[in-house]
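Heads up: the structure comes next, in structure tokens.
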There are 2 protein chains.
Amino acid sequence: MATIDDVAKAAGVSVSTVSYVLSGKRPISAPTRARVERAIEKLGYRPHAGARALASARTNVIALMAPLRVGVNVPVIMQFVAGVVTRARDFDHDVLLLTQDDVSGLDRVTGGSMVDALVMMDIEADDPRVPLVAAAKQPTVLIGLPQDPEGLSCVDLDFEAAGRLAVRHLAGAGHTDVALIGSPPEVLRRHTSYAERLMRGLRSQAKSSGVAVKVEACDSSPSGAAAAVDALLATAPDTTGIIVHNEGALPHVLSRLAERGIVVGTDISVVAVCPTDVALSQRIPMTSIDLPAEDIGKVAVDMVMARLEGEQPSETRLLAPVLTERESSASGPAAAAAG
Amino acid sequence: MATIDDVAKAAGVSVSTVSYVLSGKRPISAPTRARVERAIEKLGYRPHAGARALASARTNVIALMAPLRVGVNVPVIMQFVAGVVTRARDFDHDVLLLTQDDVSGLDRVTGGSMVDALVMMDIEADDPRVPLVAAAKQPTVLIGLPQDPEGLSCVDLDFEAAGRLAVRHLAGAGHTDVALIGSPPEVLRRHTSYAERLMRGLRSQAKSSGVAVKVEACDSSPSGAAAAVDALLATAPDTTGIIVHNEGALPHVLSRLAERGIVVGTDISVVAVCPTDVALSQRIPMTSIDLPAEDIGKVAVDMVMARLEGEQPSETRLLAPVLTERESSASGPAAAAAG
DNA sequence: CTTGATCGTCGAAGCGTTTCAACACGCTAA
DNA sequence: TTAGCGTGTTGAAACGCTTCGACGATCAAG
């Protein structure tokens with residue numbers, strides 16, 4: 001491999017000049033720049049990343065810690081990851097991928113100066129990784145909200161607002177009895193805060209809109225979804241509006257409703273909280289509140305880069321939910337009675 | 001951050017001694033080793049990755065190029081990735097994630113010595129990336145088979161054997177008219193070779209088993225799957241055995257069959273080619289040929305590491321397919337007539 | 001003309017490791 | 001006694017880059 005020395009020699013300049021041509025940190029005259037660039041081109045020169053990292057204390061790599069276990073959220077996770085990776089490239093950074101359970105990896109990459117910054121997904125309320133990265137010299141942004149962010153930046157969908165929005169939509173359409181089919185019990189047990197935030201919004205809006213609300217946890221398997229539907233219709237038979245916040249269970253919930261002869265969009269309205277492409281690939285196009293996973297990933301990178309540049313203070317950004325009406329929701333009994 | 005100098009000073013030895021304690025490349029007496037280790041512990045010392053890479057020409061990072069676009073294969077991709085990342089850790093390596101379309105990333109990471117080796121997924125028959133990595137100084141392994149591997153290592157499921165196995169299973173159960181519901185047209189157009197290999201195996205076994213075989217491409221959407229089922233049953237109404245090689249379409253294929261009053265496992269046998277967890281999360285547990293994505297990812301890492309260590313020659317490894325009988329397949333007309 | 005800026009370039013000192021050659025030491029074998 | 005050897009340790013030279021301070025030129029202002 002050619003080194004910066006070879007380039008300098010070939011161009012008849014000093015190595016520092018080559019370096020400045022590359023970094024643009026000092027003015028270089030047009031002819032000199034041209035000679036250097038020609039030499040770089042001719043030699044196929046690529047700066048050695050390690051040498052650069054050593055000299056500049058910058059690696060141009062960010063770490064992304066993602067849950068790679070197979071499970072319900074796989075498509076969502078991929079979208080986060082895709083958002084992070086593509087946006088990182090816009091800042092001329094690459095992405096080092098860590099798995100969620102590799103907690104010691106945090107020490108390894110921060111302590112060893114392998115990365116300039118970190119993004120961590122799937123934050124739990126009392127996440128053991130948070131104090132670790134809070135102590136690191138690299139800035140971090142969390143996707144999700146821990147109980148105590150310890151001066152770290154966070155970004156997420158505003159699930160509380162999403163809960164309110166979903167209920168408002170159903171109540172506005174005349175539904176008086178609504179229900180949530182939510183995350184699997186193990187997710188709730190892990191206290192991934194989004195489930196709780198969604199419920200909080202749901203309940204508060206239900207109260208002020210005067211609608212009844214029932215909550216049903218739901219395993220993502222076909223049988224789990226069927227059980228949740230059955231339990232719901234047994235205990236709250238007047239339910240005409242359902243909010244589903246569980247991508248994995250969504251198709252099975254719809255199947256079960258169909259099996260029971262219930263026509264979604266007519267007999268019952270369903271609002272899904274999920275990425276748009278998931279909403280569109282169901283048996284009918286679902287009314288949904290978008291979970292803009294890719295955008296969140298991008299925002300996370302924007303935030304972490306901002307902290308890397310200037311000395312921005314940490315901040316928490318909650319993205320406003322957007323509801324798109326499609327074929328799975330319609331007017332409920334109150335509106336029908338009125339109309 | 002503490003440096004190796006600090007450690008050396010604290011332990012009262014030279015830096016080279018500290019280095020040798022860390023790498024184990026030279027014998028160090030027990031007491032000295034203990035003093036050094038105590039100093040490392042006390043100072044919280046972590047070797048600087050960049051400095052290490054510069055001095056040793058090893059980064060302990062491998063690149064993984066994965067297709068991050070959203071689409072049918074998302075769960076499979078995640079399993080590959082998970083396999084690669086976890087196995088890489090076993091070799092004390094981290095993973096740098098590149099997206100499929102970032103072709104220039106190959107140059108960046110190889111030329112800049114950011115990684116020791118590469119793994120590339122989703123290889124197409126005439127993949128433009130193959131010559132690039134073939135020219136790189138780092139070893140590469142491909143997941144999938146290009147037309148011309150150019151001395152690179154490859155690993156994949158033996159799809160041709162899988163095709164044969166599926167037909168043999170159905171033919172053995174007495175089915176005389178079988179069909180393949182395959183990949184979306186765009187995948188076929190990209191010449192991702194697995195689709196073609198599966199078909200080759202299918203056809204050769206059909207011939208020797210004396211069964212008729214019909215092939216139907218299939219979009220992964222609900223409507224695409226329905227159309228494929230309808231087309232199949234219109235043009236080959238005697239079909240009693242179906243092989244589905246399309247994770248995304250699988251649930252919709254089953255739905256459509258159910259809508260048409262066809263009972264899977266009784267009227268028609270279905271064999272899926274997909275990861276086990278996908279096979280198990282359908283409306284009934286599917287007889288399937290496992291796509292061991294995680295294993296393939298692990299094997300890929302094993303192979304690339306082997307090439308990194310010794311001077312292994314390149315090789316191609318095709319994993320033998322395994323068929324597991326579950327509830328979606330049963331005896332066909334010939335067997336029924338005989339029994 | 002001087003005096004200062006400004007501009008473009010250069011030399012050299014790091015950055016934190018690894019690793020090679022060399023050396024001190026205590027042994028064994030001659 | 002000494003040559004020779006293995007063991008454990010060291011010093012110093014890379015590794016390839018960034019960046020600081022300095023320096024010669026050029027040019028405007030006084």
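Quick note on labels: first sequence line is chain A, next is B, and so on, each numbered from 1. Atoms considered below: every heavy atom in the structure, side chains included; atoms not considered: hydrogens, waters and symmetry mates.
- One finds the CD1 atom of I62(A) at 10.5 Å from the OG1 atom of T140(A) (value rounded to the nearest 0.5 Å).
- Distance check: D90(B) CG to M305(B) CE gives 10.0 Å after rounding to the nearest 0.5 Å.
- S56(B) and R52(B) are not linked by any side-chain donor-acceptor pair at a separation below 3.5 angstrom, with hydrogens and angles left out of the test.
- A salt bridge between R89(B) and D94(B) is present, with a side-chain N of the basic residue lying under 4.0 Å from a carboxylate O of the acidic one.
- Heavy-atom distances under 4.0 Å link DNA chain D to no residue of residues 37-44 of chain A.
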* To do: Could you check S16(B) against S19(B) for side chain to side chain donor-acceptor pair (under 3.5 Å), going step by step and ending with a plain yes or no?
  => CA-CA 5 Å; S16(B) 39; S19(B) 179; over 6 Å; no
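- At the heavy-atom level, S19(A) lies under 4.0 Å from base atoms of the strands shown.
- Across all strands, S56(A) comes closer than 4.0 Å only to sugar-phosphate atoms, never to a base (heavy-atom distances).
- In terms of position along DNA chain D, the nucleotide closest to R26(B) lies nearer the 5' end than the nucleotide closest to the other residue of the pair R26(B) and A55(A).
- One distance of note links CZ of R38(A) with CZ of R35(A); it measures 8.0 Å at 0.5 Å rounding.
- Environment of CD in E41(B): sparse, with no more than 12 heavy atoms of neighbouring residues, nucleotides or ligands closer than 6.0 Å.
- You can see that DNA chain C meets the heavy atoms of chain B within a 4.0 Å-exclusive cut from dG16(C) to dA22(C), reading 5' to 3'.
- At a threshold of 4.0 angstrom between heavy atoms, the contacts of T32(B) are confined to the sugar-phosphate backbone, with no base atom among them.
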Return a table of donor-acceptor pairs under 3.5 angstrom between the side chains of residues 120-139 of chain B and protein atoms on other chains or two or more places apart.
{"residue": "D122(B)", "atom": "OD2", "partner": "R190(B)", "partner atom": "NH2", "Å": "3.0"}
{"residue": "E124(B)", "atom": "OE2", "partner": "R190(B)", "partner atom": "NE", "Å": "3.1"}
{"residue": "D127(B)", "atom": "OD1", "partner": "R129(B)", "partner atom": "N", "Å": "3.0"}
{"residue": "D127(B)", "atom": "OD1", "partner": "R129(B)", "partner atom": "NE", "Å": "2.8"}
{"residue": "D127(B)", "atom": "OD2", "partner": "E124(B)", "partner atom": "N", "Å": "3.0"}
{"residue": "D127(B)", "atom": "OD2", "partner": "R129(B)", "partner atom": "NH2", "Å": "2.9"}
{"residue": "R129(B)", "atom": "NH1", "partner": "Q100(B)", "partner atom": "OE1", "Å": "3.3"}
{"residue": "R129(B)", "atom": "NH2", "partner": "M121(B)", "partner atom": "O", "Å": "3.4"}
{"residue": "R129(B)", "atom": "NH2", "partner": "D122(B)", "partner atom": "O", "Å": "3.3"}
{"residue": "K137(B)", "atom": "NZ", "partner": "T110(B)", "partner atom": "O", "Å": "3.0"}
{"residue": "K137(B)", "atom": "NZ", "partner": "S113(B)", "partner atom": "OG", "Å": "3.4"}
{"residue": "Q138(B)", "atom": "NE2", "partner": "T110(B)", "partner atom": "O", "Å": "3.1"}
{"residue": "Q138(B)", "atom": "NE2", "partner": "V115(B)", "partner atom": "O", "Å": "3.1"}

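- As judged by a 4.0 angstrom heavy-atom cut-off over every strand, R33(A) is placed among residues making no nucleic acid contact.
- Taking five base pairs at each end of the helix from dC1(C)-dG30(D) to dA30(C)-dT1(D), the local helix axes there meet at an angle of 50°, rounded to 10°.
- The pair D295(A)-K298(A) does not meet the salt-bridge criterion, since no charged nitrogen lies less than 4.0 angstrom from a carboxylate oxygen.
- T17(B) comes within 4.0 angstrom of a base, heavy atoms only.
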- [ ] Decide side chain to side chain contact (heavy atoms under 4.5 Å, CB included) for L22(B) and Y45(B); before the verdict, give the C-alpha distance in whole Å, the side-chain angles of both, and the deciding distance to 0.1 Å.
- [x] CA-CA 11 Å; L22(B) 251 24; Y45(B) 166 70; 3.7 Å; yes
In residues 75-86 of chain B, what donor-acceptor pairs under 3.5 Å come from side-chain atoms, sequence neighbours left out?
{"residue": "Q79(B)", "atom": "NE2", "partner": "D277(B)", "partner atom": "OD1", "Å": "3.0"}
{"residue": "T86(B)", "atom": "OG1", "partner": "A82(B)", "partner atom": "O", "Å": "3.0"}
{"residue": "T86(B)", "atom": "OG1", "partner": "G83(B)", "partner atom": "O", "Å": "3.3"}

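- With hydrogens and angles disregarded, a donor-acceptor distance shorter than 3.5 Å links the side chain of D116(B) to the backbone of T59(B).
- In terms of modelled atom types and a separation under 3.5 Å, the side chain of D107(B) and the main chain of S104(B) share no donor-acceptor contact.
- As judged by a 4.0 angstrom heavy-atom cut-off over every strand, P47(B) is placed among residues touching the sugar-phosphate backbone only.
- Along DNA chain C, the nucleotide nearest to P27(A) and the one nearest to R52(B) differ in position, and the one closer to the 5' end is contacted by P27(A).
- Along DNA chain D, read 5' to 3', the first and last nucleotides having any atom under 4.0 Å from a heavy atom of chain B are dG8(D) to dG16(D).
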